[in-house]
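Sequence positions, counted from 1, serve as the residue numbers for this chain.
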Amino acid sequence: MAFSLHPFRPRLLDALKGYNRQHFVADLGAGLTVGIVALPLAMAFAIASGVKPEQGIFTAIIAGFIISALGGSSVQIGGPAGAFIVIVYGIVQRYGLTNLLISTALAGMLLFLMGLFKLGVLVRYIPITIVIGFTNGIAVLIAFSQVKDLLGLQIGKLPSDFFAQLHLLVTHLGTLNPYAMALGALCVLMLAVWPRLFASNSLLPADLLEGRTLRTAARVPSPIVALVGLSLLAFWLELPVETIGTRFGGIPQSLPTLELPPFSWQSAKELVFPTLTIALLGAIESLLCARIADNLIDKPRHDPNQELMAQGVANMVVPFFGGIPATGTIARTVTSVRAGAFSPIAGIVHSLTLLLVVLVAAPLAQSVPLAVLAGIVLFAAWNMGEWHEFRRLRHFSAAYRTVLLGTFFLTVVFDLTVAVQVGLVLACGFFIYNMSTLFRVETVSDAPAGVHVLRVYGALFFGAVNKVEAISQNLPDGTHAVVLEMHQLVKIDNSGLDALSQLHRALDRQQIRLVLCDLNEQPRAIIHSAGFDAVLGEANLTAHLGAALARATEPA
């Protein structure tokens, strides 16, 4: 069969068929809403990643536009994601900003090739235990990375190592800024309470919710309420807290400029692991987000390969404008869907909204307290983690608990790449063990004298060959034929075939005949292609147990 590449066909082309004014109005409203929500998140994620706030905004503008225009999902919103904070911060600390841009571009190339060669479906094969483990681990690391700004601690740059961070935070608790801590705590409280004020089980009396003013307020996203409200409070009270202006000098009121990062093959060789980490996490996050979006809308499911190609293009482009890694973002995608998004046009509007905000209102950002942005990131980290899975661990097997907790702790203590690698090894090891336990060899009691009949179940693969090798060592005295009834044997691999061959030779040395019967299609095909049927003899391959017993009782 000829190998074919995946065609490049953005979902936008299909969405525009039959597109009308009503659809555009829905996309416009959703795009404006999610664009406003994305502004504080883009700045907060960038600062938490160790880069300037405008780099997060420019990433949301450029990558968000590309992912929506070229992606394989109808409603996915792209941009900087909380999951990348720890990864990006570590790369910046170890390799520098320039090498982060190079790693991002190289990761974009890998993502595009993954989609082009139809590898998008492989991401779905990563066990859910590993995904939950590293997601919760990253959430913990994000939370710790925000303690410095949340409490206003007088620390320079935090190290990327978890224990070094913890030590530095503890030793500098004496520099705590109570005003920053109060702003951060108020921010988290507002983010948690604001949506509940207008929910069906609202904290407010029912008669108050009927007012037009409150209905309008309900549409304002909580991150904007917290960002604007607390920034005005800090400015009005002249609180002595660090802001975007005092640390970064504000945000430029201009379009991003194209700059080529210096590239060398020597640098590229040193960035293999950072590149693989960005590509792996980007693929997992984007396709996980797209799958969640599929469950929220009544539209065709996303195309994983097209989505990876779009993510690849976005990550190849944004570094040339100083941007950081981008992927599908769950919170913004869900916000867009709930705001009525109909097509990828909503994501494009979201990018244009951010661009308009930068061109018009960038100077206002310099008054935003960093403690408020830290509160937004901290709340995002809490929502990112699937903490209920820890409570449910007691209901699952030891293998499930080992893989999930192992991946979680390795993510926190080491990094995502090590965690996923070890997690996959553990998951594969437990899978092999479980599959080997499903393979059984049972003795059939009502067999003729001198004939030892065994019924084989499951899959005969490298993890179960020891059970076949033991057959020749456990035969009763006087055995002159062994019959393997294989109707329940569903699959055999080369190691299993070799085990059968070794069994045949061992029995042959004892002058004991081996007969196989009732083979399924896959085992029969493997035996035939390897020529084992000729070695065993066609007469010793029978269609059913009766014929096998007749053959086993024939004179040698």
Worked check of side-chain contact (heavy atoms from CB on, under 4.5 Å) between H302 and L287: CA-CA 9 Å; H302 73 282; L287 297 186; 4.2 Å; yes

Pairwise distance [atom1]([X]) to [atom2]([Y]) - rounded to 0.5 angstrom:
X: I324; Y: I85; atom1: CD1; atom2: CD1; value: 8.5 Å
X: T335; Y: I36; atom1: OG1; atom2: CD1; value: 11.5 Å
X: Q76; Y: T329; atom1: CD; atom2: OG1; value: 7.0 Å
X: Q93; Y: I91; atom1: CD; atom2: CD1; value: 11.5 Å
X: F144; Y: L169; atom1: CZ; atom2: CG; value: 7.5 Å
X: E386; Y: I132; atom1: CD; atom2: CD1; value: 5.0 Å

Tell me whether [X] contacts the main-chain N or O of [Y] through its side chain, where contact means a donor paired with an acceptor under 3.5 Å.
X: S351; Y: I61; value: yes
X: E285; Y: G328; value: no
X: R401; Y: F396; value: yes
X: N315; Y: A326; value: yes
X: S145; Y: I142; value: yes
X: Y89; Y: L158; value: yes
X: T33; Y: G29; value: yes
X: S231; Y: V228; value: no
X: S286; Y: A283; value: yes
X: Q55; Y: G323; value: no

Trace of the side-chain contact (heavy atoms from CB on, under 4.5 Å) decision for V188 with W382: CA-CA 10 Å; V188 174; W382 173 258; over 6 Å; no

Decide yes or no for [X] and [Y]: does some side-chain heavy atom of the first lie under 4.5 Å from some side-chain heavy atom of the second?
X: E307; Y: I67; value: yes
X: L281; Y: F134; value: yes
X: T327; Y: Q311; value: yes
X: L424; Y: P127; value: yes
X: Y179; Y: L237; value: no
X: N177; Y: V241; value: yes
X: L153; Y: L168; value: no
X: L370; Y: Q146; value: no

If every non-hydrogen atom of [X] is compared with every non-hydrogen atom of [Y], which pair is closest and at what distance?
X: L111; Y: G312; answer: CB-CA, 3.7 Å
X: A339; Y: A30; answer: CB-CA, 3.7 Å
X: A362; Y: P252; answer: CB-O, 3.9 Å
X: M181; Y: L151; answer: CG-CD2, 3.7 Å
X: P40; Y: I376; answer: CB-CD1, 3.9 Å
X: I138; Y: V86; answer: O-CG2, 4.0 Å

Trace of the side-chain contact (heavy atoms from CB on, under 4.5 Å) decision for I244 with L373: CA-CA 10 Å; I244 288 178; L373 292 178; 3.8 Å; yes

Verdict with reasoning, T407 to V422, per side-chain contact (heavy atoms from CB on, under 4.5 Å): CA-CA 7 Å; T407 307; V422 175; over 6 Å; no

Aromatic plane relationship, W387 with F390 - under 30° parallel, 30 to 60° tilted, over 60° perpendicular: tilted

From P319, P325, P80, residue fulfilling side chain to side chain contact (heavy atoms under 4.5 Å, CB included) relative to T59: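 Among P319, P325, P80, the one that satisfies the side chain to side chain contact (heavy atoms under 4.5 Å, CB included) with T59 is P80.
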
